[in-house]
Amino acid sequence: MEIAFYLAALIAVFATFRVIMHTNAVHALLYLIISLLAVAVVFYALGAPFAAALEVIVYAGAIMVLFVFVVMMLNLGGQTAHHESSWLTPGIWKGPAVLAGLLLAILCFSLWYGGGIGSVGGDTLSAREVGMQMFGPYLLAVELAAMLLLAALIAASHVGRNEDTQLERDMNEARQRAPSGVDEEEA
Amino acid sequence: MSWLTSDVLVLTVIAVLKAIVILLGAVICGAFLTVVERRLLGLWQDRYGPNRVGPFGAGQLIADMIKIFFKEDWVPSFGDRKLFVLAPAIAFASLLLSFMIIPITPGWGVADLSIGILFFFAMAGINVYAVLFGGYASANKYALIGAMRASAQTLSYEVFMGLSLMGVVAMTGSFNMRDIVNAQEGFWFIIPQFFGFVTFLIAGVAVTHRAPFDQPEAEQEIADGYHVEYSSMKFGMFFIGEYVGIVLVSALIATLFFGGWHGPLLPPIVWFALKTGFFVMLFVLARAALPRPRYDRVMQFGWKFCLPLTLINLLVTGFFILLGA
């Protein structure tokens, strides 16, 4: 299991690096999908198969599909790839690299002194236990997430509402007028 | 390496051999289904179908294979070459991998996963990319429209496909496929979960893009949709992948709602094959009998009818489980 963990982690890091570096948007998204799948394997190796399955179903299987969908519809040509590569100059890396380095330092520090973190190949967490935790100690978070999703759903259905546009109203008016106009001509 | 005793080695080899047999069985079933479907369509439409090659036309598969292997394997120079090659591999592999979770008999089956049925949903989710990448990489308007339709349809139907099975999962108390089959020893889940069965059947047809939900490949409107630019064995992989999908969904229906290998008198493997075969026939019959509805109607039917139905089904199931507890 440890080998699987380190391999998957390596793939995740490399794939994420390629997501940032790649100039072709669709290929970058493909790397992002691979990165998410690798993270799912990491979850599995850590003894959380339920989280791994949800990672694949929700992130790789649903959210990323919408990303690919949108980028596909934009139909970015070779021009954009050229733009992208001109933006990826070495200077642009400085700021993010410093911030990421800080984060890494904090993570290493807390791992070094914090301890108490489960290791690879520990207990396997079943779906039942995840559910008990979700609707026990974390009930408030689940309810808040549900409210947020409901708000998003209402917003989406409002945006996608099928209301009469000006064009449709004009067309309806024209349709109503048309038969009477014919009658007048005949008369 | 102390765990590597001869017993473990023998068990591993046997497990690997069983897995290979199941893999080959699934692929061969899928491949033969191409011929069986044409024969059955012929029967139901009062014509012969392919009956020239071999006994009952069974050799037609070999003839088709030889033909498809020797076709020119053309990759569009104006498209995205890498994704074009990747797409059929995803289409074929993702559905074939799902056979892993299906328990065929008490002794046969590849993996006994605790997440079981979730693995199928994950693979069905990955399967969308095959269509999406295939349509995009072809750089063809018809392929793109087909890919759009397919991905929108699959996403919509996957939502309630998951929900339709949650009733079964709630009644069993486990995602594990073997637990689900064992829970059906007394009565099959088709009785308490009838609406779950109906919605899963509809979702299964939609996710495999079979008639009457084959708008992504509607030949009259968009000239076969996302695989219009594919030829030779790349098309063959999309094609066989579709039939593997039919066998997979049929096997899942047999396992989840019709007691899997359980049945009187006959051995478990025969019961499993009979039940799966019955639903494969149902898929073919649906293609022979039903016309293709309009695309927007298909989407509306999914969101406005099937999704509420599965939610109510889950609610009522939960109510009765709590009543019994």
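A, B, ... follow the sequence lines: proteins, then strands. Residue 1 opens every chain.
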Structural part of B/Phe119 lying under 4.5 Å from a heavy atom of chain A:
neither
Please check if the side chain of A/Arg128 supplies one atom and the backbone of B/Ser174 the other of a donor-acceptor pair under 3.5 Å.
no
Please indicate whether A/Leu104 has more than 12 foreign heavy atoms, meaning atoms of other residues, nucleotides or ligands, lying under 6.0 Å from its CG.
yes
State whether the number of non-hydrogen atoms from other residues, nucleotides or ligands found under 6.0 Å of A/Tyr59 atom OH is greater than 12.
no
Test side-chain contact (heavy atoms from CB on, under 4.5 Å) applied to B/Phe121 and A/Val56, step by step
CA-CA 9 Å; B/Phe121 294 141; A/Val56 178; over 6 Å; no
Do the side chains of A/Leu37 and B/Ile126 get nearer than 4.5 Å, heavy atoms only?
yes
Student check: side-chain heavy atoms of A/Val68 and B/Tyr136 closer than 4.5 Å:
no
Would you say A/His27 and B/Leu83 make side-chain contact, with heavy atoms under 4.5 Å?
yes
Check whether any side-chain heavy atom of B/Leu155 sits under 4.5 Å from a side-chain heavy atom of A/Leu66, and report yes or no.
yes
A/Leu29 side, atom CG; B/Leu132 side, atom CG - distance, nearest 0.5 Å
10.0 Å
Tell me, side chain or backbone of B/Met123 under 4.5 Å from chain A's heavy atoms, or both, or neither?
neither
Do A/Val65 and B/Thr154 make a side-chain contact, defined as non-hydrogen atoms from C-beta onward lying under 4.5 Å apart?
no
Within the supplied structure, the quantity of interest is the number of heavy atoms (other residues, nucleotides, ligands) at a distance under 6.0 Å from A/Tyr44 OH; does it exceed 12?
no
Should we say atom CZ of B/Phe301 is surrounded by more than 12 heavy atoms from elsewhere, each under 6.0 Å from it?
yes
Donor-acceptor check, side chain of B/Tyr129 to backbone of A/Ala60, threshold 3.5 angstrom: yes or no?
yes
